[in-house]
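The structure under discussion appears below in the form of structure tokens.
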Amino acid sequence: MKSDAIKKGIAHAPHRALLYAGGLSDKTIERPFIGIASSFSDLVPGHMGMRDLERQIEKGIHSNGGQAYIFGTPAICDGISMGHSGMRYSLPSRDLIADCVESVAGAHQLDGLVLLTNCDKITPGMIMGALRLNIPTVVVTAGPSLEGHCKGETLTFIRGSSEAVGRYRAGEISENKLHEMEHFACPTMGACQGLYTANTLACLTEVMGLSIQGCATASAVSSKKRRIAFDSGFISVDLVRKNICPKDIITKDSMRNAIVMDLALGGSTNSILHLLAIANTAGIDLSLKDFEELSFKIPQLIKLDPSALPTMTDFDNAGGISGAIKTLWGKTPELKNTKNVEGKTIEEIANSAWVDNNVIKPFDNPITKNPGLAILHGNLAEQGAVVKISGVAEECFEFEGVAKCYDREEDAMKGIEDDDVKAGDVVVIRYEGPKGGPGMREMLAPTSLLVGKGLGKKCALITDGRFSGGTRGLCIGHICPEAVDGGIIGLIEDGDKIKINIKERAINLLVDEETLKKRRENYVIKTKQVEKGYLTKYMKTVSGANYGAVTE
């Protein structure tokens, strides 16, 4: 075992002395050492229940003859950090979390890991850390919250807060009604109720095989989630004994399976960023071309909040990821027969699953033949941009509008609130990319405000930043190159015409090349001043969004 490096032989008496100080006995010191990387935090509603899940995982590890060690990692709630300077830390925290998992598990020579995670950046960050070490690993995502209810209206985080702000600004609801809704929008702990980034990543982790069957959609407050936590701890010891490591499970086929499921689900655009980063860490040749290729082959089978009324609760009741696998298996050759941490194949899961076709539509009768996500190209995005098709009304698939430019999110918010943005405008938010932000902030606040003010189908929003999984409307993010790297998004001026065609996967600035050449000659890149600290280091080392915004 890897842990023999700290517990076997005369020379390691000092190490053993410290292990005995932690309460080990001569019997337990012989066991596999399994680290429980816990992202518990009272600050993050999606993580508040992890103390109980830690105990269940620990029980599972000990029941199968392992020795559990709990250690912590950072956790940031995107909802709380949204719409202000704090969001600059969200995406960078993914690589920080990877560093933490790698450092603690590597320094203490742990034999295996159980990654207890839930919210947006924590899940991919932990997986990246485990892949660097390549020691046996199981992922437990803590699960979604239940939906809220307020005087007969079913609420989710987005509908009950972010979009409610826009409804209030538009005079549709009173301030008292807004306060009522915010009290009931999130009634339990857990990840936000829809197919936002946290739940999208949980689903894709299960499809890739790192979580056990049923983990992604089981509610945070369910006994099912506690049982999954116990079983995950138990299985982690078996993985150590069999020496089954993350790179045995995370392969090109399993990652493409994740893309297939992502397209069928219509998940968060952030999943593209994180899957690229995971592939980069695993040394797997995956790029935007894989997403682009598969997007023409996979229809959308499921439509959940924020793009529709059903929630993760409805998805779980309809069969969850297993039901989605059953619906896809045998219908498309793109879904490969990979194995998960339990040793179950995709085919075995499909054959034993139950599915409710009212929620998970049949492959030959999908919600739409369009995929949930797509990659756009054009002079505005020479290296690609991302759109969540599932959140776009079909009448907006072709859109030509007039640019309204802002160099940071706060300025765009003020412009929308002050009614400077009108129907037919394309809101341009730039200098918000990985380097330019720095940190590539999510733009949930302006997109929700547009929807709440009734402009969701009348305006577009483009940015070199990114969007929350809760975003809906004609919103195009991850524009590469970003403004700070000299991307054309930085050359746009108010009044320029921009054309978007989702069916043709195109986004173009309708300005002639001679004019762009003159603008480029006078172009001064607006770099942001950042105090010394983590963001300074991040800005100097981060790659473009088309590579997953990984730090090098």
Side-chain angles (χ1 to χ4, degrees), residues 195 200 256 259-273 287-304 306-308 328 331-332 334 361-403 423-428 443 447 450-451 455-464 466-467 469 471-480 488-489 492 496-511 545-546:
L195 202 58
T200 299
R256 279 176 64 93
I259 298 174
V260 168
M261 185 60 70
D262 204 9
L263 296 169
L265 292 172
S268 165
T269 52
N270 286 316
S271 60
I272 296 174
L273 204 65
S287 71
L288 287 177
K289 289 181 180 178
D290 292 277
F291 291 89
E292 198 169 356
E293 172 208 335
L294 291 170
S295 75
F296 288 97
K297 300 176 181 178
I298 307 300
Q300 187 181 353
L301 307 178
I302 303 148
K303 198 162 190 174
L304 303 180
S307 303
L328 287 162
K331 300 295 195 301
T332 171
E334 303 302 337
K361 299 298 182 184
F363 190 86
D364 54 2
N365 187 27
I367 289 171
T368 170
K369 292 183 178 180
N370 295 307
L373 301 167
I375 310 300
L376 307 186
H377 290 280
N379 69 349
L380 242 177
E382 293 171 340
Q383 296 170 1
V386 177
V387 64
K388 183 174 181 174
I389 296 180
S390 61
V392 182
E394 197 150 350
E395 62 262 36
C396 300
F397 278 13
E398 289 186 46
F399 188 94
E400 185 174 321
V402 177
D425 285 346
V426 178
V427 179
V428 179
M443 305 291 163
T447 59
L450 284 171
V451 170
L455 294 171
K457 296 180 182 180
K458 300 173 182 176
C459 290
L461 192 153
I462 69 171
T463 180
D464 51 10
R466 58 196 178 90
F467 297 115
T471 291
R472 62 188 175 108
L474 185 52
C475 304
I476 296 164
H478 305 201
I479 286 180
C480 292
I488 286 181
I489 189 172
I492 303 172
D496 286 349
K497 287 189 176 181
I498 294 170
K499 187 173 183 179
I500 299 162
N501 190 319
I502 289 177
K503 286 188 176 180
E504 294 182 3
R505 306 291 197 267
I507 177 169
N508 286 288
L509 177 65
L510 303 182
V511 173
N546 55 320

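Values below: every heavy atom of this structure, side chains too, minus hydrogens, waters and symmetry copies. This structure is a prediction, so every number in the text was calculated from the model and none was measured.
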- Task: Kindly indicate, with the supporting measurements, whether the criterion side-chain contact (heavy atoms from CB on, under 4.5 Å) is fulfilled by I502 and V392.
- Result: CA-CA 10 Å; I502 289 177; V392 182; 4.0 Å; yes
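- The minimum heavy-atom distance linking G384 with I375 is given by the pair CA-CG2, 4.4 Å.
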Pairs of donor and acceptor atoms involving the side chains of residues 261-269, under 3.5 Å and at least two apart or interchain, shall be tabulated with distances.
from	atom 1	to	atom 2	distance (Å)
D262	OD1	S271	OG	3.4
D262	OD2	S271	OG	2.3
S268	OG	T197	OG1	2.8
S268	OG	N270	N	3.0

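- Under the rule for a side-chain hydrogen bond (donor to acceptor under 3.5 Å, both in side chains), E398 has no partner lying at least two apart in sequence or in another chain.
- Separating the CG atom in L304 from the OG1 atom in T200 is a distance of 9.0 Å, to the nearest 0.5 Å.
- Taking the side chain to side chain contact (heavy atoms under 4.5 Å, CB included) definition, one finds that K503 meets it with E394, F397, N501, sequence neighbours left out.
- To the nearest 0.5 Å, the span separating CD1 on I367 from OG on S307 amounts to 9.5 Å.
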- Tell me, with the steps shown, if I489 and V428 meet side-chain contact (heavy atoms from CB on, under 4.5 Å). CA-CA 8 Å; I489 189 172; V428 179; 3.9 Å; yes
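- Note that the CD atom of E504 and the NE2 atom of H377 stand 14.0 Å from one another [nearest 0.5 Å].
- Residues forming a side-chain hydrogen bond (donor to acceptor under 3.5 Å, both in side chains) with D496 (at least two apart in sequence, or on another chain): R519.
- Distance check, rounded to the nearest 0.5 Å: NZ of K361 to CD1 of I302 gives 11.0 Å.
- By the 4.0 Å N-to-carboxylate-O rule, D364 lies too far from K331 to be salt-bridged with it.
- Every side-chain hydrogen bond (donor to acceptor under 3.5 Å, both in side chains) that K297 has, sequence neighbours left out, goes to E293, E334.
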- Applying side-chain contact (heavy atoms from CB on, under 4.5 Å), run through I462 and L380 and close with a yes or a no. CA-CA 10 Å; I462 69 171; L380 242 177; 3.9 Å; yes
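- Rounded to the nearest 0.5 angstrom, F291 CZ and I259 CD1 are separated by 4.0 Å.
- By the side-chain hydrogen bond (donor to acceptor under 3.5 Å, both in side chains) test, R472 is found to be paired with E163, residues two or more places apart in sequence or in another chain being considered.
- R505 approaches A374 most closely through the heavy-atom pair NE-CB, 3.5 Å.
- Considering only heavy atoms from C-beta on, L461 comes within 4.5 Å of L450 through its side chain.
- Partners of K457 by salt bridge (charged side-chain N to carboxylate O under 4.0 Å, His left out), not counting sequence neighbours, listed by chain and number: E395.
- The stretch residues 365-393 participates, sequence neighbours left out, in no salt bridge (Lys or Arg N to Asp or Glu O under 4.0 Å) pair at all.
- Partners of A460 according to the side chain to side chain contact (heavy atoms under 4.5 Å, CB included) rule, which considers only residues two or more places apart in sequence or in another chain, are F399, V426, L474, I500.
- Here the closest non-hydrogen pair linking A403 and I498 is CB-CD1, 4.0 Å.
- Side chain of D290 to backbone of S287: a donor-acceptor contact under 3.5 angstrom is found.
- At a threshold of 4.5 Å between non-hydrogen side-chain atoms, the residues L373 and S390 do not count as touching.
- Shown here for C459 and G424, the closest heavy-atom pair between the two residues is SG-N, 4.2 Å.
- Between L328 and L301 the shortest side-chain heavy-atom distance falls below 4.5 Å.
- Expressed to the nearest 0.5 Å, how far SG of C480 lies from CG of D464 amounts to 8.5 Å.
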- Task: Take V386 and I476 through the side-chain contact (heavy atoms from CB on, under 4.5 Å) test and state the conclusion after the steps.
- Result: CA-CA 6 Å; V386 177; I476 296 164; over 6 Å; no
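- Nearest approach of N379 to L509, heavy atoms of both residues: OD1-N, 2.7 Å.
- Remark: K497 engages E400, L510 in a side chain to side chain contact (heavy atoms under 4.5 Å, CB included) (not counting sequence neighbours).
- With hydrogens and angles ignored, the 3.5 Å screen pairs a side-chain donor or acceptor of T447 with a backbone N or O of M443.
- Between A506 and L376, the shortest heavy-atom contact is N-CD2, 4.0 Å.
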